[in-house]
Amino acid sequence: MEQTNYGSTSKELLLGETLLFGLLGRALYNRPDKDWLDSLIEEEVFVEIPFGAEKVETKQGQKLMQSWAQKNAEGLSEEAFKELSADYTRLFVGVGKVLAPPWESVYFNEDRMIFQDQTLQVRNWYRRFGLELENIHKEPDDHIGLEMTFIAYLAELGGKVLEEKDDEKFMLLTDTKRQFLSEHLLVWGPTWCALVKEHANTFFYQGLGNLTLGALLVIAEQYDIQIPDKIAK
C-alpha cells in the first residue's frame with residue numbers, strides 16, 4: 001500500500017511537535033529543577049525551535065529563552081534559581097490567588113475549582129492510550145503540562161505509524177488528536193498563555209508562555225481548528 005499524502009503532516013513535523021510539546025510539558029508540569037535547567041543552558045536547547053519557528057510568538061519566546069540562557073551561561077546561581085522558583089510559585093501555586101492556574105477545569109467554573117468534569121474527561125483520554133497519573137486522584141489530570149505531554153505522546157505515536165505506512169491507523173490517530181485539541185487544550189490553553197505572559201516576572205516563564213502559545217497556534221492551523229475568542233463557561 002502506498003503511503004497517503006497528508007499535506008502538511010510529515011514525519012519531520014511530528015518529530016518537531018514531539019520534541020517541543022514534550023519539552024514544554026516537562027518545563028510547565030514540574031517545579032524548577034536546577035540540574036535540568038543547567039542542562040538546557042549547556043546544551044543550547046533554545047538556539048533552534050523544532051516546531052512553529054516561523055510564528056511571531058515563537059520567535060519572541062525563543063528570544064526570551066536565549067536571553068535567559070545567556071544571562072546564566074555559567075549555570076544558574078542560587079539567586080537566579082530562587083527567582084525562578086518564586087515565579088513558579090506565584091504563577092502556578094499561588095500565594096493567595098493563583099495568577100495563571102495550570103488546570104483546565106479552573107477556567108470553566110466561577111469558583112475556580114479543580115477536579116471537575118474536565119479533569120475526568122482528560123483522564124479518560126489518557127486511559128484510552130493506557131496512560132495514568134502516578135498520583136491519580138491526588139492531583140488533577142488536566143494540568144497544562146500533562147496535556148502538552150499527551151500531545152507529544154500522540155505525535156510520537158503518529159511518527160511511528162507513518163513509518164509503518166498504516167494509513168487507516170494514522171487517520172484514526174490524527175482524528176483523535178484533533179478531537180482532544182479542539183475539546184480541551186486549544187479551548188483554554190491560549191488563555192492560560194496570556195496570563196503567564198502578563199504575570200511572569202522572569203524571562204524563563206515569559207519565554208515559556210510565548211513558546212507555548214506559538215506551538216498552540218501552529219498546531220491549530222495544522223489541524224484546522226478554530227481557537228475560541230473566549231472561554232465559554
Side-chain angles (χ1 to χ4, degrees), residues 14-53 57-95 98-103 114 122 126 131-136 138-157 159 185 189 192-193 195-197 199-216:
L14 289 168
L15 177 59
E17 187 182 319
T18 301
L19 292 172
L20 184 58
F21 276 77
L23 174 67
L24 293 173
R26 178 173 178 177
L28 297 172
Y29 179 63
N30 296 300
R31 289 181 175 274
D33 178 282
K34 189 175 184 304
D35 289 340
W36 185 65
L37 293 170
D38 281 338
S39 74
L40 297 182
I41 297 168
E42 183 179 351
E43 295 168 17
E44 299 183 335
V45 169
F46 301 106
V47 168
E48 185 176 349
I49 304 300
F51 182 81
E57 294 80 4
T58 304
K59 291 178 180 178
Q60 180 63 21
Q62 182 182 23
K63 182 179 178 180
L64 288 163
M65 298 306 282
Q66 286 184 308
S67 295
W68 168 79
Q70 289 166 6
K71 183 179 179 181
N72 299 283
E74 301 303 318
L76 280 176
S77 65
E78 287 302 320
E79 181 180 356
F81 181 68
K82 286 180 180 178
E83 184 181 4
L84 269 187
S85 298
D87 210 20
Y88 176 94
T89 299
R90 285 178 60 258
L91 291 167
F92 311 134
V93 180
V95 180
V98 184
L99 297 176
W103 310 282
I114 59 175
V122 169
Y126 298 164
L131 305 174
E132 187 172 274
L133 285 187
E134 190 173 322
N135 294 321
I136 192 169
K138 294 183 179 179
E139 63 175 315
D141 308 66
D142 55 349
H143 190 288
I144 185 75
L146 294 175
E147 293 194 14
M148 296 287 288
T149 301
F150 183 55
I151 293 300
Y153 176 79
L154 295 180
E156 185 176 13
L157 281 182
L185 186 54
W192 176 88
C193 292
L195 290 173
V196 174
K197 291 168 61 179
H199 295 294
N201 286 337
T202 59
F203 282 174
F204 183 81
Y205 284 110
Q206 290 171 10
L208 287 183
N210 278 278
L211 285 179
T212 303
L213 181 57
L216 294 181

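On a predicted model such as this, the values are computed, not experimentally measured, just so you know.
Annotation: side chain of L211 is in contact with side chain of F46 (closest heavy-atom distance under 4.5 Å). Considering only heavy atoms from C-beta on, Y29 stays 4.5 Å or farther from F92 through its side chain. Side chains of L40 and L23 form a contact here, defined as non-hydrogen atoms less than 4.5 Å apart. Proximity of L208 to L24: side-chain heavy atoms (C-beta onward) are separated by under 4.5 Å at one or more points. Inter-residue side-chain proximity for T89 and R31 is flagged as met; some heavy-atom pair is nearer than 4.5 Å. Counting only heavy atoms from C-beta outward, the side chains of F150 and L185 never approach each other to under 4.5 Å. Annotation: side chain of T58 is not in contact with side chain of N210 (no heavy-atom distance under 4.5 Å). Side-chain contact between F204 and L37 is present, with heavy atoms from C-beta onward closer than 4.5 Å.
Taking all atoms of both residues into account, the shortest heavy-atom contact from A215 to F51 is O-CE2, 3.7 Å. The minimum heavy-atom distance linking L91 with A200 is given by the pair CD2-N, 3.8 Å. In this structure, L146 and P140 approach most closely via the heavy-atom pair CD1-O, 3.8 Å. Closest approach of G22 to A152, counting heavy atoms only: N-CB, 3.4 Å. The two residues K59 and A53 come nearest to each other via the heavy atoms CG-O, 3.5 Å.
Between the CG atom of D38 and the CD atom of E43 there is a distance of 10.5 Å, given to the nearest 0.5 Å. Taken to the nearest 0.5 Å, the CG atom of N201 stands 7.5 Å off from the CD atom of Q206. Expressed to the nearest 0.5 Å, how far OH of Y205 lies from CG of L64 amounts to 14.5 Å. Here the straight-line distance linking atom CH2 of W192 with atom CG of L213 works out to 10.0 Å at 0.5 Å rounding. Between the OG1 atom of T149 and the NE2 atom of H143 there is a distance of 9.5 Å, given to the nearest 0.5 Å. For the atom pair OG1 of T212 and NZ of K197, the computed distance is 10.5 Å after rounding to the nearest 0.5 Å.
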Between side-chain atoms of residues 65-82 and protein atoms elsewhere (two or more places apart, or another chain), which donor-acceptor pairs fall under 3.5 Å?
{"residue": "S67", "atom": "OG", "partner": "K63", "partner atom": "O", "Å": "3.0"}
{"residue": "N72", "atom": "ND2", "partner": "W68", "partner atom": "O", "Å": "2.8"}
{"residue": "S77", "atom": "OG", "partner": "A80", "partner atom": "N", "Å": "3.1"}

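At most 12 heavy atoms of other shown residues, nucleotides or ligands fall within 6.0 angstrom of atom CZ in F203.
Of the possible polar contacts, one joining the D87 side chain to the T202 backbone as a donor-acceptor pair under 3.5 Å is found. For E132 (side chain) and Y126 (main-chain N/O), no donor-acceptor pair under 3.5 Å exists by modelled atom type. The backbone N or O of P32 sits nowhere less than 3.5 Å from a side-chain atom of Y88 that would complete a donor-acceptor pair.
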